[in-house]
Amino acid sequence: GANEHAFQFRDGAWHQACPSGRPALRRAFDTSVPFETRLRFGAWHHGEARRVTLAPDAVRTMFDRIAPVYDVMNRVMTAGLDVRWRRLAAESVVRAGDRVLDAACGTGDLAIADLKAGAAKVTGLDFSGNMLARARKKTLRHTDVLEWVQGDMLALPFADATFDAATVGFGVRNVAD
């Protein structure tokens, strides 16, 4: 289908092959690409003002593939500011003793920040198994207060009132609703 594309990392950027064979996915901060062809996430067809929305399976596959380099990529692209953003986000939301859901938790950095901000228990939810595997490796000493669940943030597998607070970081860019 139209949303089934292969991703490749080349020339310092992630690219997505579109049916015409032209690169459709470009770095958002690549100023050599005209603004109307740049993206926040997803893809713009180069030279067109048409956004391509990736199917959930395509997004999941992409995150499974980039999981090994995701943390380094965030540090480089934000010049390390992502660590501060997560800390400030957690401190502004989490109160001591809260049960926190970190939706689209990725490799777990915001969930860890939630814990450091005083959460009693944090549940990280992500639909990428490889991202969750990396989160689990980071938190082997905290299995009593950190739980990792594979699932979709648009169809939460939790009962109402399970959590006192919720956080979501970069994952908010990946949902249409």
Side-chain angles (χ1 to χ4, degrees), residues 3-16 25-29 39-43 54-94 98-158 162-163 165-176:
N3 288 330
E4 296 172 1
H5 303 288
F7 288 88
Q8 299 175 350
F9 189 79
R10 65 178 189 283
D11 302 321
W14 283 98
H15 296 271
Q16 176 187 26
L25 187 61
R26 306 292 291 253
R27 284 195 321 214
F29 51 87
L39 59 99
R40 286 175 180 249
F41 188 81
L54 299 177
D57 285 343
V59 175
R60 182 182 303 112
T61 299
M62 181 187 68
F63 279 101
D64 279 343
R65 287 181 184 163
I66 66 171
V69 297
Y70 186 78
D71 290 333
V72 171
M73 208 167 55
N74 274 335
R75 299 306 177 280
V76 170
M77 289 189 323
T78 67
L81 289 175
D82 63 305
V83 176
R84 182 171 185 252
W85 296 337
R86 286 187 189 91
R87 181 181 53 79
L88 292 173
E91 289 172 355
S92 69
V93 172
V94 177
D98 276 353
R99 297 166 298 159
V100 179
L101 170 66
D102 182 27
C105 67
T107 62
D109 287 348
L110 184 53
I112 294 166
D114 291 341
L115 193 62
K116 289 177 181 177
K121 180 167 173 88
V122 180
T123 301
L125 174 85
D126 202 279
F127 68 178
S128 167
N130 290 353
M131 296 291 256
L132 289 170
R134 296 195 69 79
R136 284 184 187 99
K137 285 181 185 175
K138 290 181 184 180
T139 59
L140 291 173
R141 293 177 290 160
H142 302 287
T143 56
D144 55 330
V145 292
L146 280 166
E147 177 184 18
W148 305 108
V149 176
Q150 188 165 4
D152 186 343
M153 68 188 276
L154 296 180
L156 296 175
F158 309 106
T162 299
F163 303 102
T167 55
V168 61
F170 298 122
V172 78
R173 68 186 169 201
N174 302 329
V175 294

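FYI, the numbering just counts along the sequence from 1. None of the values given here were measured: they were computed from a predicted structure.
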For this session: Taking all heavy atoms of Gly106 and all of Ala135, pick out the closest pair and write down the distance.
Result: O-CB, 4.0 Å

Exercise. Can you tell me how far the CZ atom of Phe127 sits from the CG atom of Leu154, to the nearest 0.5 Å?
Worked result: 9.0 Å

Exercise. Considering only heavy atoms from C-beta outward, does the side chain of Tyr70 approach that of Met131 to under 4.5 Å?
Worked result: yes

For this session: Please step through side-chain contact (heavy atoms from CB on, under 4.5 Å) for the pair Leu156 and Thr162, ending with a clear verdict.
Result: CA-CA 11 Å; Leu156 296 175; Thr162 299; over 6 Å; no

For this session: Just jot down the side-chain contact (heavy atoms from CB on, under 4.5 Å) partners of Arg75, sequence neighbours excluded, or say none.
Result: Asp71, Asp82, Val83, Arg86, Asp109

Exercise. Do you know which two heavy atoms are closest between Val145 and Ala120, and how far apart they sit?
Worked result: CG1-O, 3.3 Å

For this session: Can you measure from CG (Leu146) to CD1 (Ile112) and round to the nearest 0.5 angstrom?
Result: 6.5 Å

Exercise. Measuring from Arg136:CZ to Thr143:OG1, what's the distance to the nearest 0.5 Å?
Worked result: 11.5 Å

For this session: Could you tell me which non-hydrogen atom of Ala166 sits nearest to which non-hydrogen atom of Val93, and how far apart they are?
Result: O-CG1, 3.7 Å

For this session: Can you measure from CD (Glu147) to CG (Leu101) and round to the nearest 0.5 angstrom?
Result: 10.0 Å

Exercise. Is the backbone of Asp64 close enough, under 3.5 Å, to the side chain of Asn130 for a donor and an acceptor to pair up by distance?
Worked result: yes

For this session: Decide yes or no on side-chain contact (heavy atoms from CB on, under 4.5 Å) for Phe158 and Leu125, but give the supporting numbers first.
Result: CA-CA 10 Å; Phe158 309 106; Leu125 174 85; 4.2 Å; yes

Exercise. Looking at Asp114, Val122, Leu115, which one forms a side chain to side chain contact (heavy atoms under 4.5 Å, CB included) with Val94?
Worked result: Asp114

Problem set entry | Leu132 side chain reached by Cys105 side chain, heavy atoms, under 4.5 Å | yes

Problem set entry | Where Ala111 and Trp148 come nearest, the two heavy atoms and their spacing | CB-CH2, 3.6 Å

Exercise. Can you name the closest pair of heavy atoms from Val168 and Ala104 and give their distance?
Worked result: CG2-CB, 4.2 Å

Exercise. Which value, rounded to the nearest 0.5 Å, describes the distance between Trp85 atom CH2 and Asn74 atom CG?
Worked result: 8.5 Å

Problem set entry | Nearest atoms (heavy-atom pairs only) where Ala103 meets Met153 | CB-CB, 4.0 Å

For this session: State the CZ-CE distance between Phe170 and Met77, to the nearest 0.5 angstrom.
Result: 7.0 Å

